[in-house]
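Working notes for the structure below.
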Amino acid sequence: AENGAIVPSNPAVYNDPRYADCRGKAGSVERSHWTQCQALAVEHSTFRPFAFSLELSLPFIDLRQRTQWTAVESHRGGMRREVSSAASTWGLATRVLSWYQMLVGWAAIALLALLAMRVSERDH
């Protein structure tokens, strides 16, 4: 997030002129500071790294982090042209780590379910 790799997932936010200071300067290497943007509407949840990570690991909870925040992957698309290459690199790394974390979360839940089934079979 500190490197500009975490941005709002709603495309409408990028086009809102109220958030121009949060985007950074178009065509420059200046980082965007979406997670620290004080201008974001109250309805938009504050980025919380721990909650974002927890929500990735536990697929059945909703802390409004994955729905409102995402990792920047590349310069593709009009709304992401202002993203620096450092943010893009960190964004790609964050995206890959997110996929890994989701996979590990699902695997852990499956293993816990299997363990619970084994324990209940033994008790009968």
Side-chain angles (χ1 to χ4, degrees):
E2 293 174 6
N3 290 304
I6 302 292
V7 297
S9 58
N10 184 351
V13 174
Y14 294 95
N15 298 322
D16 194 324
R18 294 178 296 173
Y19 308 135
D21 291 340
C22 303
R23 282 193 288 270
K25 294 190 173 42
S28 77
V29 294
E30 183 180 322
R31 295 182 181 139
S32 59
H33 297 284
W34 287 103
T35 58
Q36 300 166 359
C37 181
Q38 299 297 318
L40 278 176
V42 179
E43 300 84 33
H44 201 282
S45 67
T46 303
F47 178 71
R48 305 269 186 238
F50 182 76
F52 186 76
S53 182
L54 185 65
E55 193 171 351
L56 288 173
S57 297
L58 302 174
F60 303 112
I61 64 169
D62 182 13
L63 301 174
R64 294 185 60 206
Q65 292 293 300
R66 283 192 320 180
T67 57
Q68 295 198 355
W69 297 99
T70 191
V72 174
E73 289 184 50
S74 70
H75 296 279
R76 290 177 286 134
M79 70 180 162
R80 294 186 180 160
R81 271 188 230 142
E82 75 276 355
V83 175
S84 70
S85 62
S88 179
T89 302
W90 279 106
L92 180 60
T94 302
R95 179 71 56 151
V96 170
L97 182 62
S98 298
W99 291 335
Y100 176 76
Q101 195 170 352
M102 283 186 255
L103 180 66
V104 169
W106 277 104
I109 288 171
L111 286 173
L112 285 174
L114 184 63
L115 180 64
M117 286 175 27
R118 290 281 197 177
V119 167
S120 70
E121 284 176 1
R122 234 185 294 161
D123 290 343
H124 287 97

| said: Taking the side chain as everything from C-beta on, heavy atoms only, tell me whether Met102 gets closer than 4.5 Å to Pro59. | reply: no
CD (Gln101) and OG1 (Thr94) are apart, to the nearest 0.5 Å, by 10.5 Å
So CG of Leu103 and OG of Ser98: to nearest 0.5 Å the spacing works out to 12.5 Å
Minimal heavy-atom distance between Ala71 and Gly91, with the atoms involved, is CB-O, 3.4 Å
Would you say CD of Gln38 has more than 12 non-hydrogen atoms from neighbouring residues, nucleotides or ligands within 6.0 angstrom? no
**OP:** For Phe50, look at atom CZ and say whether over 12 heavy atoms of other residues, nucleotides or ligands are found less than 6.0 Å away.
**Re:** no
Within-4.5 Å side-chain heavy-atom neighbours: Glu55 and Asp62: yes
With sequence neighbours left out, the residues meeting side-chain hydrogen bond (donor to acceptor under 3.5 Å, both in side chains) with Gln36 are none
*hydrophobic_cluster_shared for Val96 and Val104, side chain cutoff 4.5 Å*: no
To the nearest 0.5 Å, atom OG of Ser57 lies from atom OH of Tyr100 at 10.5 Å
Rounding to 0.5 Å, atoms CG (Leu40) and CD (Gln68) come to a distance of 9.0 Å
- Query: Heavy atoms, side chains only, cut-off 4.5 Å: are His44 and Trp69 in contact?
  - Reply: yes
**OP:** Would you indicate whether the side-chain heavy atoms of Gln65 and Leu56 approach each other to under 4.5 Å?
**Re:** no
Check your understanding: Under 4.5 Å between side-chain heavy atoms, hopping through other hydrophobics if needed: is there a path connecting Leu54 to Leu97?
Key -> no
Item to check | Close side-chain approach of Val7 to Val13, heavy-atom, < 4.5 Å | outcome: no
ask   = Are Leu63 and Leu58 connected in a single hydrophobic cluster, I mean Ile/Leu/Val/Met/Phe/Trp/Tyr linked by side-chain heavy atoms less than 4.5 Å apart?
value = yes
> Does one side chain, of Arg66 or Ser9, offer a donor that lies under 3.5 Å from an acceptor on the other?
Replying inline: no
For the residue pair Ile6 and Trp34, establish whether any side-chain heavy-atom pair is separated by less than 4.5 Å. no
Correct closest heavy-atom pair for Ala1 and Phe47 would be CB-CE2, 3.7 Å
* Has the side chain of Ser120 got a donor or acceptor atom that lies under 3.5 Å from a matching backbone atom of Met117? -> yes
